Structure formats: C-alpha cells, structure tokens
Amino acid sequence: MILSRSFHKALLAGIMALLCAAVFILPGCSVQTQAPEKAIGITVHVIDVGQGDAILISSSRENVLVDTGDVPDRDKLVSYIKKQGISTIDKVIITHPHADHLGGMPAVLEHFTVKQLYDSGQTTTTGLYRRYLTTVKDKKIPFSILTGGQTLELGDGAVLHILSPGKPYFDGPDALNNNSIVAKLVYGNFSMLLTGDAEQEAEQKLVKLYGEDLHSTVLKSGHHGSNTSSSSSFLKQVRPEVAVISVGAGNEYHHPHPSTLKKYGAMKSKVYRTDRDGTITIYSDGQSYQVRKEKNNQ
Ligand SMILES: [Zn+2]
C-alpha cells in the first residue's frame, strides 16, 4: 500500500514535470524548471532588481549584462548572476549613468571578472559615477563608448545592433535618458529592443533613422513604463508581441503609467512586469521564443 502510494506520487510528479516543461510559457506552473540549455539558443533575463534595469543576455559564447540596477538591490543582482553559474561577464553595457542603471556596478566589479565595459559616453557629477570611473581605471577594465551604427557579436549569430545614441547628442534636463544606449538584439527570427531610459525625443529620432527596422519581437519598455517613453509613433514601428517593464513595486514615480499599459493593450502586446512577475526569462532558439516569469501570480 505504501509502495503503491509512493509510486502514484512519483508518477504524478513526473507527469507534472513533463506538463510544466511542455507549457514553459504558461503562468501557474509550479515546477521550477531550469531554462533550456543555453548552448542551443539565447536567454535574456530581465532581472527583478526593483526600480531599475539589469538585463542579462546569455548565448553559448558570452554573458552580457545590460545595466546593473540600483544600489539597494546589489546583493540580489550578484546572487542572481552567480546562480546562473557565471563568474566572468564578457560585456557590461551601462545604458546611461543614472543610479538605477549604474548602482550595482561596484558589486559587479567586485564579484565578477568583467572583460569589456561599454557606456554611452555621457558624464554626470554624482559620487556614484565618479567612483565608477575610478574603479574602472584602477582595475584596468577595457572600456569603450557605444554609438549608433556599431554592432557587437555575441556568438552563434546573435548580434547586438547599437541604434543610439549618436551625434548630435541630446541636451537639456532629460539628456542622460535620451542619450541612453538603445540596442536591438537579433538572433534568427527573434529580436528584442533594449531601450534604457530613452524618452520620446530619442524615440522620434529612432523612428526617423530606422523606421520599420525597429520592429522587434520583444520590447524592454522604455524608462520603466513611464509616459515619457513608449510614444505611439515609436510603438507603431516596434509592434512588439511582448513588452517587458522593469519596475519596482509601489515605486514613487508611479511607473508604469496607465497610458503606457493602455497602448500595449491596444496593440495586443503581452505585458510582463518585474514588480508583479519577478525576474522574466525569455528564451529563443532563433525560431520561436518562450517567456517564463519567476512568480506565479495568476
Ligand atoms: Zn531608469
């Protein structure tokens, strides 16, 4: 009788694991499967770092970290990356030097070997930014500035096309946001547009420069879903099937803005948000893609 009960339990667990593996994309699946082997595709982790951005792209050859979240979430960022078995980060890209993108950098440099660092070339006067420059110099981390038109190869044909910033650079109070590094990750039929905190002015420039080439399977919603980004004409070109919003629960900026969510709703873009879904993992084999969220909240 005991044997029989154990057998049924094991059978049930096996069936559940198979079902959950098969419906990787569906919410409500309680078995925590690992993302498929990265050797056969590309995985993008939009890491839940509260109100900030930290996006890890893993191909079979490289691990690339785009932004590092804010200061309070450093430990969370480090432990997440370590949990992926990563000790060397091939490329770190800082889209712009605001604290919610740069804040985790000291911890990243302390815990991981960083082979190459890129930023937007935009400077600021904060202590955080000054310490970042000093540490990078002291540790002799190879450093370059990214501008529109450059490409970074990530292996297996995965390419990061840098779309922005470019001359003439934006000025004014929103210059750091508007001069964010914007990059389109392309892997076979899959693509993901990474926007930093680029606002409407930058979006309009991108629309003029790239038009429908902005079309992407997944959009990392600009500026945490703020209504200063995700302008209608920009979204019309991007036409994302999935929009991912990296945002902190109950944040003081009230991100994401209801009007942004309404636009995604009107476009039938499926929305994932780190404040509700936790870390969002997108896997693609270059043909199709699957989205997994950390929290089962439905
Ligand atoms: Zn930000």
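What you see is a predicted model, and the numbers here were worked out from it, not measured in a lab. Start at 1 and go down the list; that is how both ligands and their atoms are numbered.
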**Q** Can you name the residues that form a side chain to side chain contact (heavy atoms under 4.5 Å, CB included) with Thr126, not counting sequence neighbours?
**A** Thr124, Leu128, Tyr129
**Q** Only counting residues at least two apart or in another chain, list the ones meeting side chain to side chain contact (heavy atoms under 4.5 Å, CB included) with Asp213.
**A** Tyr210
**Q** How about Tyr253: does its OH atom have over 12 heavy atoms from other parts shown lying under 6.0 Å from it?
**A** no
**Q** Lys184 and Leu160: side-chain contact (heavy atoms from CB on, under 4.5 Å), yes or no, with the steps?
**A** CA-CA 6 Å; Lys184 183 175 175 180; Leu160 206 51; over 6 Å; no
**Q** Side-chain donor-acceptor pairs under 3.5 Å in residues 188-196, sequence neighbours left out?
**A**
| from | atom 1 | to | atom 2 | distance (Å) |
| --- | --- | --- | --- | --- |
| Asn189 | ND2 | Gln287 | OE1 | 3.2 |
| Ser191 | OG | Thr217 | N | 3.1 |
| Ser191 | OG | Thr217 | OG1 | 3.4 |
| Thr195 | OG1 | Lys220 | O | 2.6 |
| Thr195 | OG1 | Gly222 | N | 3.4 |

**Q** Is there side-chain contact between Gln116 and Val92, with at least one heavy-atom pair below 4.5 Å?
**A** no
**Q** Excluding waters, how many protein N/O/S atoms sit closer than 2.8 Å to the Zn ion (ligand 1)?
**A** 4
